[in-house]
Amino acid sequence: DEPMGWGDVDKLHSSGVTIGSHCHDHFILHSNQSGKNVNRQLKISKNIIEKRYGDCSYFCYPNGTFNDISHKSYNLVKEIYSLGFTTCPGEVSSTTDKHLLSRLHIPKDLDYLKFKMNTSSFGNIIYKKNYNIFFKNVV
């Protein structure tokens with residue numbers, strides 16, 4: 001459960017892995033956070049990564065559930081990143097919001113991962129249900 005250090009990130013980057021942002025302090029982007037703090041967390045993280053590795057176009061929401069993503073953080077992610085990744089299950093299709101993409105947790109049990117991949121249409125139903133709840137009040 002130890003967070004990665006810069007040495008770990010350097011190894012990933014030198015192996016060809018694209019490095020994205022995850023907030024400066026693993027800050028949860030829920031609606032109780034001020035716009036100033038959300039802005040600071042996203043921009044500092046992006047700037048540090050760009051100084052070390054070049055372009056930083058991707059963002060993974062800390063915690064990443066629809067309950068942990070406020071409209072102000074979503075809008076800022078949309079403004080400064082090309083893609084945003086949640087932790088909500090689901091499939092990615094041509095109609096998926098590119099700033100609310102699902103991502104798979106890779107378990108140690110690969111048989112379970114195969115099961116999840118083979119039953120992914122269920123995840124897509126969950127994604128659509130949550131996506132509609134998240135955006136029902138957006139004007």
Side-chain angles (χ1 to χ4, degrees):
D1 291 331
E2 191 71 26
M4 291 191 323
W6 285 113
D8 300 316
V9 181
D10 291 342
K11 286 179 189 174
L12 288 170
H13 184 259
S14 66
S15 298
V17 173
T18 300
I19 306 301
S21 177
H22 196 56
C23 284
H24 183 59
D25 298 312
H26 202 272
F27 191 79
I28 308 305
L29 299 171
H30 55 71
S31 59
N32 292 332
Q33 306 293 1
S34 73
K36 180 180 177 182
N37 283 334
V38 169
N39 190 17
R40 179 183 165 280
Q41 288 291 320
L42 294 176
K43 290 187 176 176
I44 287 175
S45 176
K46 183 175 176 60
N47 288 337
I48 290 171
I49 291 168
E50 287 179 338
K51 284 179 185 172
R52 289 185 75 108
Y53 306 111
D55 184 48
C56 177
S57 299
Y58 309 124
F59 181 79
C60 286
Y61 296 93
N63 283 16
T65 68
F66 288 111
N67 291 332
D68 294 319
I69 303 169
S70 70
H71 291 289
K72 62 187 155 211
S73 61
Y74 165 78
N75 288 329
L76 188 56
V77 166
K78 236 171 99 167
E79 183 182 314
I80 64 176
Y81 294 99
S82 299
L83 300 174
F85 296 89
T86 71
T87 58
C88 300
E91 295 177 353
V92 175
S93 71
S94 61
T95 60
T96 304
D97 183 323
K98 68 181 184 174
H99 294 95
L100 292 172
L101 297 168
S102 59
R103 68 183 193 244
L104 278 178
H105 168 73
I106 305 299
K108 291 180 183 178
D109 181 353
L110 292 181
D111 288 332
Y112 180 70
L113 176 61
K114 290 175 189 174
F115 169 77
K116 292 284 283 185
M117 296 297 288
N118 288 325
T119 59
S120 62
S121 62
F122 176 71
N124 198 34
I125 292 166
I126 293 170
Y127 177 86
K128 286 178 182 175
K129 177 183 173 204
N130 285 311
Y131 180 85
N132 289 335
I133 290 170
F134 182 68
F135 284 99
K136 68 182 177 185
N137 296 321
V138 175
V139 176

Closest non-hydrogen atoms of H30 and N67, given as atom of the first, atom of the second and distance, are CB-O, 4.1 Å
Indicate, with yes or no, if I80 and L29 share a hydrophobic cluster defined by side-chain heavy-atom contacts under 4.5 Å among Ile, Leu, Val, Met, Phe, Trp and Tyr. yes
What heavy-atom pair brings V77 and G84 nearest, and what distance separates the two atoms? CG1-CA, 4.3 Å
Considering residues at least two apart in sequence or located in another chain, which fulfil the salt bridge (charged side-chain N to carboxylate O under 4.0 Å, His left out) criterion with D8? none
Taken to the nearest 0.5 Å, the spacing of D55 CG from K46 NZ works out to 6.0 Å
Hits for side-chain hydrogen bond (donor to acceptor under 3.5 Å, both in side chains) against T87, two or more places apart or cross-chain, chain-then-number order -> none
So which pairs with a foot in residues 67-78 pass salt bridge (Lys or Arg N to Asp or Glu O under 4.0 Å), sequence neighbours left out? none
Considering all heavy atoms, the nearest T65-C88 contact: CA-SG, 3.7 Å
Write out all pairs satisfying side-chain hydrogen bond (donor to acceptor under 3.5 Å, both in side chains) with one or both partners inside residues 12-21, taking only residues at least two apart or from two chains. S21-S45, S21-Y81
Qualifying salt bridge (Lys or Arg N to Asp or Glu O under 4.0 Å) pairs with a residue from residues 21-36, counting only residues at least two apart or across chains: D25-R40
Is the OH atom of Y58 crowded by more than 12 outside heavy atoms at less than 6.0 Å? no
Any non-hydrogen side-chain atom of I48 less than 4.5 Å from a side-chain atom of W6? yes
Nearest 0.5 Å, what's the NE2-CG distance between H22 and N63? 8.0 Å
Compare all side-chain heavy atoms of I69 with those of L100 and state whether any distance is below 4.5 angstrom. yes
How long is the span from the CZ atom in F59 to the OG atom in S73, to the nearest 0.5 Å? 7.5 Å
Output all residues satisfying ring pair (Phe, Tyr, Trp, His ring centres under 6.0 Å) with H24, sequence neighbours left out; order by chain, then residue number. none
Rounded to the nearest 0.5 Å, what's the gap from NE2 on H71 to OG on S31? Could you check? 8.5 Å
Sub-4.5 Å side-chain heavy-atom contact between V38 and F27: yes
Report the distance from atom CG of N37 to atom CG of L42, rounding to the nearest 0.5 Å. 11.0 Å
Trace of the side chain to side chain contact (heavy atoms under 4.5 Å, CB included) decision for M4 with L12: CA-CA 11 Å; M4 291 191 323; L12 288 170; 3.9 Å; yes
Measure the spacing between CD1 of I44 and CG of N39 and express it to the nearest 0.5 Å. 9.0 Å
Which heavy-atom pair separates V92 from S102 by the least distance, and what is that distance? CG2-OG, 4.1 Å
Nearest heavy-atom contact between H99 and Y61 is O-OH, 2.9 Å
Step by step, work out the side chain to side chain contact (heavy atoms under 4.5 Å, CB included) result for E50 and N47. CA-CA 5 Å; E50 287 179 338; N47 288 337; 4.1 Å; yes
Answer yes or no: is there a side-chain heavy-atom contact under 4.5 Å between D10 and R52? yes
